[in-house]
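Throughout, protein chains are lettered first and strands after them, A, B, ... in sequence-line order, and every chain is numbered starting at 1.
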Amino acid sequence: MLQISRLREQKEAIIAAYKKRNVTDVQIAEISNLIQLDDERKSVQTENDALLSQVNSLSKGIGIFFKNGEQDKANAAKEQVAQVKERSKLLENKMKDIQQSIFDGLLTLPNVPHTLVPSGNTEDDNELFKAWDKELPELAENAKPHWELAEEYTLIDFKLGVKIAGAGFPLYRGKGARLERALINFFLDEAGKAGYEEILPPHLVNEDSARATGQLPDKEGQMYHAVKDNLYLIPTAEVPVTNMYRDMILNESDFPIKLTGYTPCFRREAGSYGSDVKGLNRVHQFNKVEIVQLQHPDKSYDTLMEMMQHVEGILQKLELPYRILRLCGGDLGFTSALTYDFEVYSAAQKKWLEVSSVSNFETFQSNRLKLRYKDVDGKKHLAHTLNGSALALARIVAALLENNQTSDGITIPEVLRKYTGFDLID
RNA sequence: GGAGAAUUGGCCGAGUGGCUUAAGGCGCACGCUUGGAAAGCGUGUAUACCUCAAAAGGGUAUCGAGGGUUCGAAUCCCUCAUUCUCCGCCA
């Protein structure tokens, strides 16, 4: 959520930057609208504060009148208070309405794209930030997609998943389950080596948390909701991990705060269909290791690069062909100021699969989180938040299975062997 | 799931309707003192918003959260959250 003060101070710059993303005229108009509402709020508050001040001093007087036995004066003052309060009540309601409108309006405004964000409307307009400069793997004619390999080697049982839960809930078994666990441990160890503190958070969160990281209200339909207890199944570890710092004031010296966590991720994926959802490409439950950083605003873009290098290092160790895209305005997430996507090449499907997304949210999340820090002068400012997947497992597994298939079986990358305990799936 | 107790500032802690503008202490900052330090003494020490060109100043709200009663609420009432104790259930 943007700050109303920022709309005032940077109105023109925000409108210019918004042109890079798919914002509607309604959203542009909303900016001026909100500033006007805020003006109104201020004048109502000024008026109401004066009335309340009057009530306070009259009440104090009544106490003194009673003590002196001056009943008449006390009663007269009571009468007066009643009148003032009636007016104040009206103003108070008006102010609540205005504030609610401002809040609702702010929720409709996406983050302001960074200057590096290319303009464009769809994923085709994303900028190739780093291409794969070696040759793409060519598989034999009879190469199989991962869903066939998974079945052939009894690694993943999609049918059993359907029986137990439903479509999109894969059941991993045998070496498939082992590979999954190996990847989780490998990713966590890599993050640990890079200085991230490991967190194992709750997998369900309350409404406040879902709201603070922005899943509510915009993505309500994408989350599983346990209605009886009003808890939401997390769509990513970002939600519980970032919420650790909700309503907190940090010291400047606390930066950077680096956190990592493995969690299963639950997504309803309402409305998706077609070949994209086949196998592990798009599922309702998958495993992911997330990295999160809280950083000083002056340093957050250096941190973004650092996080990208971390993800890149992992992909290199896994020996997977990858490329990095800088998302265009149209493809940029609602809350992000700048995002880089990592895609891994799936040789059998002959397409690039998104396996990581690394973003700087600047103050967009911290404003709603009320996550601030004190500078040396004791002044409070919003911190910057960043996060990235390092990495999402399902599609990595898909690519590993497909790219590493040989006539003898599926080979396990060197770095993973000490985690899996085997070097070939056959 | 049932019963009881609690929640006050950075921390401890007093406060059962109006001299509370939240006592007192600890901590912290600054000053005095000192060769330097400690002790001692003095001063200051929450947040958000409004007002003001700015600063100073003034105002409003906030005692776990939200409502209510009252001219007036930390204090009385209701709902909720959290913590502790006991009982029940349980990996």
Just the table, please: protein N/O against nucleotides 66-71 of chain B N/O, every pair under 3.5 Å.
| unit_1 | atom_1 | unit_2 | atom_2 | d |
| --- | --- | --- | --- | --- |
| C71(B) | O2' | Ser59(A) | OG | 2.9 |

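- For G17(B) and G10(B), the C1' atoms lie 30 Å apart once the distance is rounded to whole Å.
- Ring centers of His284(A) and Phe266(A): at least 6.0 Å apart, outside the cut-off.
- Following rounding to the nearest Å, Asn206(A) (CG) and U82(B) (C1') show an atom-to-atom distance of 12 Å.
- Comparing the same atom, C1', in U7(B) and in G13(B) gives a spacing of 13 Å after rounding to whole Å.
- Salt-bridge check for Lys89(A) with Glu86(A): failed, with every basic side-chain N at 4.0 Å or more from each acidic carboxylate O.
- On the C1' atoms, G42(B) is 42 Å away from C84(B), given to the nearest whole Å.
- With respect to Glu92(A) and Lys96(A), no salt bridge is recorded, no charged nitrogen being found less than 4.0 Å from a carboxylate O.
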Please write out each protein N/O paired with an N/O of nucleotides 61-64 of chain B under 3.5 Å, distance rounded to 0.1 Å.
| unit_1 | atom_1 | unit_2 | atom_2 | d |
| --- | --- | --- | --- | --- |
| A61(B) | OP2 | Asn56(A) | ND2 | 3.4 |

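- The distance from atom CD1 of Ile98(A) to atom C1' of C49(B) is 14 Å, rounded to the nearest whole Å.
- For C84(B), the paired base is G4(B) (Watson-Crick or G-U wobble, both distances below 3.5 Å).
- Rounded to whole angstrom, the span from the CE atom of Met248(A) across to the P atom of U47(B) amounts to 17 Å.
- Glu207(A) places its CD atom 13 Å from the C1' atom of C80(B), with the value rounded to the nearest Å.
- For Gln45(A) and G58(B), the CD to C1' distance is 14 Å, given to the nearest whole Å.
- Here the side chains of Arg417(A) and Phe422(A) are not in contact, with every heavy-atom distance at 4.5 Å or above.
- In this structure, Ser53(A) and Ser43(A) both approach RNA chain B, and ranking their closest nucleotides by distance from the 5' end singles out Ser43(A).
- With a 3.5 Å ceiling on both atom-pair distances, A54(B) lacks any Watson-Crick or G-U wobble partner.
- Atom P of nucleotide G18(B) and atom CZ of Phe65(A) are separated by 19 Å, given to the nearest angstrom.
- Counting heavy atoms from C-beta outward, Leu250(A) and Leu371(A) have side chains that approach closer than 4.5 Å.
- Nucleotides G27(B) and U20(B) place their P atoms 26 Å apart, quoted to the nearest Å.
- A salt bridge links Arg41(A) and Asp38(A); the closest N-O separation between the charged side-chain nitrogens and carboxylate oxygens is under 4.0 Å.
- Look at CG on Asp247(A): it is 18 Å from P on A81(B), rounded to the nearest Å.
- In this structure, CG of Asp49(A) is placed 16 Å from P of A48(B), rounded to the nearest angstrom.
- Separating the C1' atom of A23(B) from that of A81(B) is a span of 30 Å, rounded to the nearest Å.
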